[in-house]
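Reading through the structure tokens given below for one structure.
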Number of protein chains: 2
Amino acid sequence: MKKGVTTLKKLAKILNVSVSTVSRALNDHPDISTETKDSVKKLAQSMNYVPNIFAKGFRKSKSNILGVLVPNITHYFHSTILKGILEEASLRGYRVIISESNNDVLKQTEMLNTLTQFGVDGILASLTKMTKNVDSILPVFNKLPIILFDKVSNKVPCTQIITNDEEAAFNVVEHLINIGKKRIAIIKEREFSYNSEKRYTGYLKALKEHNIEVDEKIIISVDDISQQQGKRMTNLLLSLKNRPDAIFAITDYAAIGVIQTLKKFNIKIPEEIAVVGFSNNLNSTIIEPSLTTVDQPGETLGKTAVKYLIEEIESDTDIVMHKTIEIKGSLIIRESTFKVK
Amino acid sequence: MKKGVTTLKKLAKILNVSVSTVSRALNDHPDISTETKDSVKKLAQSMNYVPNIFAKGFRKSKSNILGVLVPNITHYFHSTILKGILEEASLRGYRVIISESNNDVLKQTEMLNTLTQFGVDGILASLTKMTKNVDSILPVFNKLPIILFDKVSNKVPCTQIITNDEEAAFNVVEHLINIGKKRIAIIKEREFSYNSEKRYTGYLKALKEHNIEVDEKIIISVDDISQQQGKRMTNLLLSLKNRPDAIFAITDYAAIGVIQTLKKFNIKIPEEIAVVGFSNNLNSTIIEPSLTTVDQPGETLGKTAVKYLIEEIESDTDIVMHKTIEIKGSLIIRESTFKVK
DNA sequence: CTGAAAGCGCTTACAG
DNA sequence: CTGAAAGCGCTTACAG
């Protein structure tokens with residue numbers, strides 16, 4: 001703060017009323033007469049009065065700041081979620097502090113702690129991939145309203161906002177079956193990845209429903225999925241004597257690696273092998289052939305998360321029902337599964 | 001805050017000392033004996049004492065929070081800058097509140113105002129494209145330390161952190177000349193775009209230095225550069241009777257539109273027409289041929305901005321020298337200007 | 001309808 | 001080396 005800031009005291013002195021009256025007038029307290037309110041507000045306006053956020057927060061122990069934790073802010077899907085969070089929070093009079101865990105579990109705990117220390121009213125978090133053990137973050141959950149989004153964990157008792165991974169994956173696989181594919185490979189992450197497991201379940205369900213036998217040889221699990229891994233695992237799939245006729249990669253990044261490798265070997269996409277990703281990143285329309293994928297509406301997801309969080313923050317009761325909200329992603333069919341003649 | 005939080009008062013009572021002593025012990029005041037310090041710190045630790053950030057901020061009118069304003073958080077280059085900002089700020093004990101202007105001048109003013117209202121210690125901002133008139137944001141600059149990055153304006157008196165646009169563009173054009181191109185088109189934004197103008201200046205300088213005549217017909221200016229505009233302007237360039245043999249698009253997004261259009265007309269890249277972009281987005285390696293571009297080190301830029309801002313915040317004097325710091329971007333040569341046989 | 005007073009948790013000039 | 005006291009700017013129960 002610089003010198004010369006307008007305070008309640010100053011306004012009170014000028015108007016010859018008490019500080020209490022000024023405070024109440026500005027907060028539209030019913031006890032205050034309309035005239036008084038008007039004159040106070042007018043003066044406050046003309047003197048550019050801005051409440052001291054610290055005094056206010058201090059007094060009410062409320063900051064109107066939300067804390068957000070994501071693994072990596074440059075990840076496109078997460079940046080769209082952040083966009084939604086910022087917009088909705090701003091509309092509701094909240095600011096947003098963002099921190100990154102860089103997919104580091106220790107950093108994640110540290111960041112959650114500093115966020116609470118900085119007096120945020122609640123936290124929105126997307127966990128690191130490797131968060132198998134939630135013990136270190138559980139204490140934070142007793143102090144503040146928290147909502148998990150995207151990378152969630154069912155070991156944490158709180159409201160969670162996710163994509164309908166299972167259903168969307170089911171639709172992906174069904175689409176592949178509909179275009180005549182019979183030997184559908186999946187490149188997924190290991191068990192610790194909540195989202196990947198859900199998609200895998202959808203995959204299995206679709207195969208079952210269409211009486212297609214599950215073949216472990218074309219179910220590939222990797223630690224950390226990426227474009228590189230997509231390439232490597234495609235090489236592996238191509239080395240099988242009984243090759244797949246479709247590859248469902250659990251992320252667009254990996255799917256792009258798949259396409260690049262298939263092209264290197266002059267394999268026709270989608271005729272010989274079709275490819276599907278997940279997320280609808282910007283890249284998925286740049287790659288050729290363009291990638292069939294599941295569009296995840298990040299902004300909606302972010303907005304929804306903020307709504308539920310503020311609801312918890314502003315609720316009077318301590319008893320909160322924890323819900324799991326699924327935001328629907330939609331299948332976007334492009335050239336990697338459908339030939340435009 | 002929930003019930004049962006540890007305060008200085010509680011610690012004082014337990015240890016039978018005054019609140020002042022506890023406060024000083026925790027802040028390592030030289031007056032306090034080592035024994036007292038140790039016992040205080042030990043108890044504070046064991047009782048999970050966390051200073052009330054509001055009381056502290058209120059008292060010292062310092063929040064240790066930095067405000068950041070960007071046009072669009074999902075823009076890849078800006079998200080890498082944000083990553084750098086978050087990391088450096090965290091290292092130095094600051095948190096970061098992020099807001100978006102969505103390239104809306106009114107929103108930008110509003111956001112700057114709320115940031116100051118929320119008691120941030122300083123602001124890092126990247127302006128909207130259309131900020132010709134800085135009058136509405138100037139008042140904020142008198143209240144708080146502010147630093148501009150990437151989208152800056154020379155009408156604002158403050159430290160500015162940018163890429164070496166002019167020099168980098170010079171290198172781009174020189175590279176095109178070196179591979180034998182003689183008729184180099186540029187797709188840029190109009191005058192109001194600071195970055196675009198700098199790159200354009202670099203373009204002109206390179207042509208001049210190599211005695212290549214400037215031809216207005218292949219200098220294309222658009223309002224809002226994008227992939228779409230890249231496509232449209234390529235169509236325009238191709239309709240000329242004297243076509244260019246290289247196209248320098250001021251952003252990767254536009255350059256990708258250029259490549260897509262050239263491919264549609266089966267024009268050989270780079271033999272017939274070479275293409276260069278700017279930024280080194282993720283897409284630039286996905287497109288085929290891969291795109292020659294200028295890598296802008298976003299993280300470094302973000303970290304640098306934070307360093308200068310905190311320096312201003314923590315400086316005792318009011319007189320601050322405003323500098324313009326250029327972060328060097330490097331030319332990355334890929335297939336769109338160089339044929340791999 | 002309005003005011004005086006207490007207090008939120010911390011820091012710090014002053015006194016000893 | 002330590003303590004008592006004032007005060008940062010606000011809100012609110014209490015009193016009138």
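In what follows, every chain begins at residue 1, and chains take the letters A, B, ... in the order their sequences are listed.
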Residue pair [X] / [Y], side-chain donor-acceptor N/O under 3.5 Å:
{"X": "N195(B)", "Y": "S193(B)", "answer": "no"}
{"X": "S101(A)", "Y": "T128(A)", "answer": "no"}
{"X": "Q296(A)", "Y": "T163(A)", "answer": "yes"}
{"X": "S20(B)", "Y": "S23(B)", "answer": "no"}

Exercise. For DNA chain C, list all stems, counting runs of three or more consecutive pairs where every pair is Watson-Crick or G-U wobble with both distances under 3.5 Å.
Key: C:1-3 with D:14-16, C:5-12 with D:5-12, C:14-16 with D:1-3
Quiz item: Contact class for T7(A) (heavy atom, under 4.0 Å): base, sugar-phosphate, or nothing?
Solution: sugar-phosphate
Exercise. Name the nucleic acid region contacted by V19(A), choosing base, sugar-phosphate or nothing; use a 4.0 angstrom heavy-atom cut-off, strictly under.
Key: base
May I ask you to verify if any side-chain N or O of [X] is less than 4.0 angstrom from the OP1 or OP2 atom of [N]?
{"X": "N52(A)", "N": "dC8(D)", "value": "no"}
{"X": "S18(A)", "N": "dG3(C)", "value": "yes"}
{"X": "T21(B)", "N": "dG3(D)", "value": "yes"}
{"X": "Y49(A)", "N": "dC10(D)", "value": "yes"}

Whole-Å distance separating the [atom1] atom of [X] from the [atom2] atom of [N]:
{"X": "D28(A)", "N": "dT2(C)", "atom1": "CG", "atom2": "P", "result": "14 Å"}
{"X": "K62(A)", "N": "dC10(D)", "atom1": "NZ", "atom2": "C1'", "result": "16 Å"}
{"X": "N16(A)", "N": "dC1(C)", "atom1": "CG", "atom2": "P", "result": "20 Å"}
{"X": "L26(B)", "N": "dT2(D)", "atom1": "CG", "atom2": "P", "result": "13 Å"}
{"X": "Q117(A)", "N": "dC10(C)", "atom1": "CD", "atom2": "P", "result": "12 Å"}
{"X": "H29(B)", "N": "dT12(C)", "atom1": "NE2", "atom2": "P", "result": "9 Å"}
{"X": "K9(B)", "N": "dA4(D)", "atom1": "NZ", "atom2": "P", "result": "14 Å"}
{"X": "K56(B)", "N": "dC8(C)", "atom1": "NZ", "atom2": "P", "result": "19 Å"}

Quiz prompt | Check ion pair R92(A)-E88(A) (N to O, under 4.0 angstrom) | solution = yes
Quiz prompt | Lys/Arg N to Asp/Glu carboxylate O, R24(A) vs D31(A), below 4.0 Å | solution = no
Practice problem: Compare all side-chain heavy atoms of K151(A) with those of Q160(A) and state whether any distance is below 4.5 angstrom. | Solution: no
Practice problem: Applying side-chain contact (heavy atoms from CB on, under 4.5 Å) between V68(B) and each of I123(B), V306(B), V96(B), I81(B), report the one that passes. | Solution: V96(B)
Exercise. From the options I65(A), V120(A), D121(A), I85(A), select the one residue that forms a side-chain contact (heavy atoms from CB on, under 4.5 Å) with Y94(A).
Key: D121(A)
Exercise. Compare the ring of F58(A) with the six-membered ring in the base of dC10(D) and state whether they stack (centres under 5.5 Å, planes under 30°).
Key: no
Quiz item: Given that V17(B) and K60(A) both sit by DNA chain D, which one's nearest nucleotide is further toward the 5' end?
Solution: V17(B)
Quiz prompt | 5′-ward residue of the pair S33(B)/R59(B) relative to DNA chain D | solution = S33(B)
Practice problem: Mind checking ring-ring contact (aromatic ring centres under 6.0 Å, His included) for F58(B) and listing every partner two or more places apart, or none if nothing turns up? | Solution: F58(A)
Could you go over nucleotides 13-16 of chain D and give all protein N or O partners under 3.5 Å, atom names and distances?
{"unit_1": "dA13(D)", "atom_1": "N6", "unit_2": "R24(A)", "atom_2": "NH1", "d": "2.8"}

Self-check item: Whole-angstrom distance between dG16(C) and dT12(C), as gauged at atom C1'
Solution: 16 Å
